[in-house]
Enquirer: 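Okay, here's the structure, questions in a sec.
Every chain is numbered from 1, with letters handed out A, B, ... down the list of sequences.
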Protein chains: 2
Amino acid sequence: MSDAAQLSTSLRRGTLEFCVLAMVEREDCYGTEIVRRLGAERSLATTEGTIYPLLSRLRRVGWLNSEWSESPSGPPRRYYTLTDSGRAALAHFRTEWVSFRQTVDRLVGIGEQ
Amino acid sequence: MSDAAQLSTSLRRGTLEFCVLAMVEREDCYGTEIVRRLGAERSLATTEGTIYPLLSRLRRVGWLNSEWSESPSGPPRRYYTLTDSGRAALAHFRTEWVSFRQTVDRLVGIGEQ
DNA sequence: TGAAGCTACCTTGCGGTGCAAGGTACCATG
DNA sequence: CATGGTACCTTGCACCGCAAGGTAGCTTCA
């Protein structure tokens, strides 16, 4: 893997799952759709090999529910919805993220140049 | 480990090493000093078990150099200095980080509330 | 002088998570 | 009925933060 890709990979850790939660909060989604939308964000582009295990994990800890739904064309889709505890986790992340981001900004000196 | 700690742990990934580089850029440091300074930052507090392997890694990839130096009181210290390629890596991270941070802000909806 | 305590360094083994690679099955189209 | 697209999922690996544990030098003070 290239250095640049590896940098993004590390950065993704810990935020990716909450980006997925936020995406589902806005609108119920299915797996392939999530992969596609994240693919549009350079810093968060990822693959099915990441997303499907991640979605299983989020279901297992009770932050997402899912139900099967027919597709207008193609195989059935598993749509995900945010649970109450998922909503709470997302809220907690939002405050944690703001504080984390500010700390990093200060330490690496973003805004000084 | 508590949920809150685990959240920070994941977030640290990929940024911690650059916070260390930035710290060394500002002023040459030794291991214990770095642990202490990071300890003052809630989101980045960590332990020797994280920092020493990390410093070895940064030396191995050539982003840091080190030299031993007597302590005014206590055992000798290994002081780290930033190499040219370390400086370049840090510069690259700074631009990558800004873009990453903005993407996450937008996706999780920071600034909308 | 020698024992207790601090400082500073380092290693081992585990756990979590992103990813490449590979696989199954359903549907549409010609 | 074969081909290709869509959608799901799993296996095994690599990386990195961390808890726990360990070595050794220096200082202090009885």
Side-chain angles (χ1 to χ4, degrees), chain A residues 1-21 29-39 41 43-61 63-64 66-80 100, chain B residues 1-20 28-39 41 43-61 63-64 66-80 100:
Chain A
M1 196 189 279
S2 79
D3 278 7
Q6 206 157 14
L7 175 55
S8 310
T9 288
S10 304
L11 284 179
R12 264 190 277 282
R13 290 209 174 227
T15 53
L16 187 56
E17 61 188 294
F18 294 100
C19 291
V20 168
L21 288 183
C29 294
Y30 62 98
T32 301
E33 191 180 10
I34 292 175
V35 173
R36 226 165 14 225
R37 288 193 187 169
L38 288 174
E41 312 287 344
S43 319
L44 289 171
T46 186
T47 68
E48 302 185 333
T50 296
I51 290 303
Y52 283 111
L54 189 158
L55 288 170
S56 299
R57 202 161 59 239
L58 295 178
R59 240 184 315 154
R60 203 165 52 241
V61 301
W63 291 354
L64 289 181
S66 77
E67 50 189 24
W68 287 94
S69 167
E70 293 299 313
S71 162
S73 83
R77 300 163 173 173
R78 190 201 277 272
Y79 276 86
Y80 291 89
F100 173 76
Chain B
M1 196 188 279
S2 77
D3 279 7
Q6 206 159 16
L7 175 55
S8 309
T9 288
S10 304
L11 283 179
R12 264 190 277 281
R13 288 210 176 227
T15 54
L16 187 57
E17 61 188 293
F18 294 101
C19 292
V20 169
D28 294 358
C29 295
Y30 62 98
T32 301
E33 191 180 10
I34 293 175
V35 172
R36 226 164 14 224
R37 289 193 186 169
L38 287 175
E41 312 288 343
S43 319
L44 289 171
T46 185
T47 69
E48 301 185 333
T50 297
I51 290 303
Y52 283 111
L54 189 159
L55 288 170
S56 300
R57 204 161 56 241
L58 295 179
R59 241 185 314 155
R60 205 164 50 242
V61 301
W63 290 355
L64 289 182
S66 77
E67 49 188 26
W68 287 93
S69 167
E70 293 300 312
S71 163
S73 83
R77 300 164 174 172
R78 190 201 276 272
Y79 274 87
Y80 291 88
F100 173 76

Enquirer: Taking all non-hydrogen atoms of both residues, which atom of Ile34(B) and which atom of Cys29(B) are closest, and how far apart?
Expert: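 The answer is CG1-CB, 3.7 Å.
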Enquirer: How does protein reach along nucleotides 10-17 of chain C, written 5' to 3' as B (base within reach of a heavy atom under 4.0 Å), S (only sugar-phosphate), or - (no contact)?
Expert: BB---BBB
Enquirer: Could you check Gly31(B) against Thr46(A) and say which one's nearest nucleotide on DNA chain C is further toward the 5' end?
Expert: Gly31(B)
Enquirer: Can you see which heavy atom on Thr46(B) is nearest to which on Val35(B), and at what distance?
Expert: O-CG1, 4.0 Å
Enquirer: Check the phosphate of dA7(D) against Arg36(A), side-chain N and O only, distance under 4.0 Å to OP1 or OP2. Yes or no?
Expert: yes
Enquirer: Would you say a side-chain N or O of Thr47(B) is under 4.0 Å from OP1 or OP2 of dA19(D)?
Expert: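 Yes, within the criterion.
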Enquirer: Could you tell me the separation between the CG atom of Leu44(B) and the C1' atom of dC18(D), rounded to a whole number of Å?
Expert: 15 Å
Enquirer: For Arg57(A), check salt bridge (Lys or Arg N to Asp or Glu O under 4.0 Å) against everything at least two apart and list the hits.
Expert: none
Enquirer: Over how many whole Å does the gap from Glu67(B) atom CD to dC9(C) atom C1' extend?
Expert: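 My rounded result for the distance is 17 Å.
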Enquirer: May I have the distance from Arg77(B) (atom CZ) to dA24(D) (atom C1'), rounded to whole angstrom?
Expert: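 Whole-Å distance recorded here is 16 Å.
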Enquirer: I want to check one thing: is the phosphate of dC9(C), taken as OP1 and OP2, less than 4.0 Å away from some side-chain N or O of Thr32(B)?
Expert: yes
Enquirer: To the side chain of Pro76(B), which of dG18(C), dC8(D), dG25(D) is closest?
Expert: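 Looking only at side-chain atoms, Pro76(B) lies closest to dG25(D).
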Enquirer: Give a yes/no on whether any side-chain N or O of Tyr30(B) is located under 4.0 angstrom from OP1 or OP2 of dA8(C).
Expert: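 So the side chain of Tyr30(B) is within the cut-off, an N or O lying under 4.0 Å from OP1 or OP2 of dA8(C).
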Enquirer: Using whole Å, report how far CG of Leu7(A) lies from P of dC16(D).
Expert: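 It works out to 11 Å between those atoms.
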Enquirer: Write down the distance between CZ (Phe100(A)) and C1' (dG17(D)), rounded to a whole number of angstrom.
Expert: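 Interatomic distance, CZ of Phe100(A) to C1' of dG17(D): 13 Å.
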Enquirer: Specify the separation, in whole Å, of atom CD1 of Ile51(B) and atom P of dC16(D).
Expert: 13 Å
Enquirer: Using whole Å, what does the distance between atom C1' of nucleotide dC16(D) and atom CZ of Arg12(A) come to?
Expert: 16 Å
Enquirer: Taking side chain to side chain donor-acceptor pair (under 3.5 Å) as the test, write out the residues that go with Tyr30(B), two or more places apart.
Expert: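 Tyr30(B): side chain to side chain donor-acceptor pair (under 3.5 Å) contacts with Arg36(B), Arg77(B).
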Enquirer: How far apart are the closest heavy atoms of Phe18(A) and Leu7(B), and which atoms are they?
Expert: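 That closest heavy-atom pairing would be CE1-CD1, 3.6 Å.
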Enquirer: For the residue pair Ser69(A) and Tyr79(A), what are the closest heavy atoms and their distance?
Expert: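 Minimum heavy-atom separation between Ser69(A) and Tyr79(A): CB-CD1, 3.7 Å.
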Enquirer: Under a 3.5 Å distance rule, please check whether Arg12(B) uses its side chain to pair with a backbone N or O of Ala45(B) as donor and acceptor.
Expert: yes
Enquirer: Would you kindly give the CD-to-P distance between Glu70(B) and dT7(C), to the nearest whole Å?
Expert: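 Going from Glu70(B) (CD) to dT7(C) (P), I get 18 Å.
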